[in-house]
Q: 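First the structure, then my questions, so here it is.
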Amino acid sequence: MDEKPKEKVKARFGRRMFIGFLVAGALGLVVSRELASKVGGLFDSMSLGERDPAKGVSPDSGIPRPRGKFRIYTVNGVPEFNPATWRFTVDGLVESPVSLSYNEVLKLPKDSQVSDFQCVTGWQVWDVHWEGIRIKTLLEMVKPRPEARYIKLYSSDGEYTESLSLEDALVSDVLLAYRMVGDALPEEQGMPLRLVVPKMYGYKSIKWVHRLELTDKVHYGYWEVRGYPGDATIRPENPFDIFI
Amino acid sequence: MPPYGQRTPLTYSSERVPRFTRTERALHWIHAIAFLALLFTGIAMYSQTLSVFIGRRYWVRFVHILAGYVLVFGPLLLSFFNWRTIRKDMEEMDLWDRDDFAWLKRPWRILWGGETVPQGKFNAGQKLNAIFSAACIVVFGVTGLIMWQFEHFPRWLVSNAILVHDNLSWIAAAVWLGHLYLSVINPSTRESLRGITLGWVRASWAKRHHSKWLEDGEEGTKARFL
C-alpha cells in the first residue's frame, strides 16, 4: 500500500520524442526524393499557383511531356513584353552589331532540342522541349572581333545579367529559346527570349534576354556576385549515390 | 498579489499568479518573430504568384537566412544569459507522467474548456508542441544549411533537403495555426496569452488548466522514474 499516487510517477519521455522527430527528419533527408518519385504528384500538387508546363503538348505533336515542375524565380518581377517596341541587340566587340525586332528574331534559322533543366536549389525538370536560335547563328551575323572572349547577357528586368565564355556559348545544346513545350514561352519563363544551358545550373539560363554584349573579360552575373559559383557547371551526382 | 482590476467579472478570482518570467517570454517571442519571418519569406519564395509579384528574390532570401540565424542562435543566446530558467522548462518538457499520456488520449477536451486531466506547468499538448518546435529548429536548420551551401553537398542530398524543408513547412504552418487558435481565439485557453505577454495568469484559470503546477510549485519538476 506504499505505492505513490499515479500522477507523481514520471518518465523522461520528452527527449525520446525529440530524438524521434530528429530521426524522422534524418530519414526524410535520405529517402524523400525516392518517396516523392513514388508518391508522384502528392508533393508537386502542393505547389502554389504553378502553370502546367505541358499544357501545349498534344499526343501527336511528337513533343515529350516534361517531368517535374518549374519553380519560378524572379529578382525584379516579370518585365512587360511589347512585340511592337521590343528590340534584341547583339553588340560589343563585333564587326557589325545588329538590332532585331521580335518578328526578325522569329525569322532567324530555328533549332529545337529536348533537355533537362536543373536548378541549383535542388529541383529539376526532365525532357523539356525548347525551340529557338543557336548563338552560333547570331555570331555569324555580327562577326566577333578576335579579342572577344565572353558574352554578357542582359535581362529586360533591368537587374539580372549573366555571362558565358564563347566556348560555353557554342556548346551544341545552348539555345536562345522563344518557344517551350510546343507553345510560346510563358512570360514567367522569359518571354520573349531566354537562354537555355542544360549543362549548367538554372541561374545561368537568364530570362527575358534583350541584349548580348561581346566582351574581352568575364562578367559575374546577378547570383554570382551574391555567392554562386561563376562556373555554373552542374556537379556530377555523388558516385556513392544509391538513391537516384 | 495585486488585484486584477475593476473590470474583473465576479465569477473569476482576482488573484494573479506569475506564469512566465521575462526570459521565458523573450524566448517565446524571439522564436515567434523569427518563425513568422521565415514562414512568410519562405512562402514568398515558394509560391510562383507571390515570388513573381514581390521579385527581389535576393532580399527575401537574405531575410530568410537572417531569420534562420535568429531561430537557431536566439534560444542559445538566451540560455547563455539565463540557463537556469530555460533548463527548468526543458526539464518540464522532458518529464511526462501518466496524466500527460491520459491528456494526450483526449486532447480535444481542451477545446471546450471542460474538466481535463490535472496538468503541471505545461499540458501534454504544450509539451508536444515545444518538443516538435525544438526538433523543427534542428531539421529546418540542417536542411536549410544544405540548401544554402549546396555546392559543398552531393546533389541527391540537396534535392532531399529541399523536399524535407518544403514539406515540413506545411506541417509547421498547420501547427502554428492550431497554436494561434488555442492562444487567441478558443475561449477556454486564450487566458494563456496573458501569461506569455504580461507574465501572469488568473489563479482560477491556472487551477483549472495547470492545477498540479499551482499546487506543487517547483516540486512538480522533481523527477521520479516510471
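First the proteins, then the strands, lettered A, B, ... as listed; each starts at 1.
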Q: Find the distance between CZ (B:R57) and CH2 (A:W223) and round it off to the nearest 0.5 Å.
A: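 Between atom CZ of B:R57 and atom CH2 of A:W223 there are 6.0 Å.
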Q: What part of B:L168 gets closer than 4.5 Å to chain A, counting heavy atoms only: side chain, backbone, both or neither?
A: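 Contact with chain A involves no heavy atom of B:L168 at all.
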Q: With only heavy atoms counted, which part of B:D166 is less than 4.5 Å from chain A, the side chain, the backbone, both or neither?
A: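 Side chain of B:D166 only, per the 4.5 Å heavy-atom cut-off to chain A.
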Q: Inspect the surroundings of CZ in A:R87 and state if more than 12 heavy atoms from other residues, nucleotides or ligands are less than 6.0 Å away.
A: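 Count over threshold, so yes.
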Q: Among A:T74, A:L22, A:D157, which residue forms the greatest number of heavy-atom pairs with chain B at distances under 4.5 Å?
A: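 Ranked by contacts with chain B, first place is A:T74.
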Q: Using non-hydrogen atoms and a 4.5 Å limit, figure out which bit of B:M90 sits close to chain A: side chain, backbone, both or neither.
A: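 The answer is neither part of B:M90.
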Q: For each of A:I19, A:V120, A:V78, tally heavy-atom pairs with chain B at distances under 4.5 Å, and name the one with the top tally.
A: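 Greatest number of close heavy-atom pairs with chain B: A:V120.
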Q: Heavy-atom count around B:Y181 OH within 6.0 Å, excluding the residue itself: above 12?
A: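 Above 12, so yes.
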Q: Which members of residues 131-143 of chain B, sorted by number, sit under 4.5 angstrom from chain A on a heavy-atom basis?
A: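 Interface residues of residues 131-143 of chain B: B:I131, B:F132, B:A134, B:A135, B:V138, B:V139, B:V142, B:T143.
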Q: Closer than 4.0 angstrom, basic N to acidic O: yes or no for A:R15 and B:E91?
A: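 Salt bridge absent between A:R15 and B:E91.
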Q: Verify the neighbour count for atom CZ of B:R106: are there more than 12 heavy atoms of other residues, nucleotides or ligands below 6.0 Å?
A: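 Open: at most 12 neighbouring heavy atoms sit under 6.0 Å from CZ of B:R106.
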Q: State whether the number of non-hydrogen atoms from other residues, nucleotides or ligands found under 6.0 Å of A:R211 atom CZ is greater than 12.
A: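 Yes.
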Q: Looking at CZ of A:F18 and CE of B:M93, how far apart are the two atoms once the value is rounded to the nearest 0.5 Å?
A: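 One finds 12.5 Å between CZ of A:F18 and CE of B:M93.
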Q: Find the distance between CG (A:L29) and CH2 (B:W156) and round it off to the nearest 0.5 Å.
A: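 Reported value, rounded in 0.5 Å steps: 7.0 Å.
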Q: Which residue out of B:R61, B:H165, B:K127, B:M147 racks up the most heavy-atom pairs below 4.5 Å with chain A?
A: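 Between B:R61, B:H165, B:K127, B:M147, the count favours B:R61.
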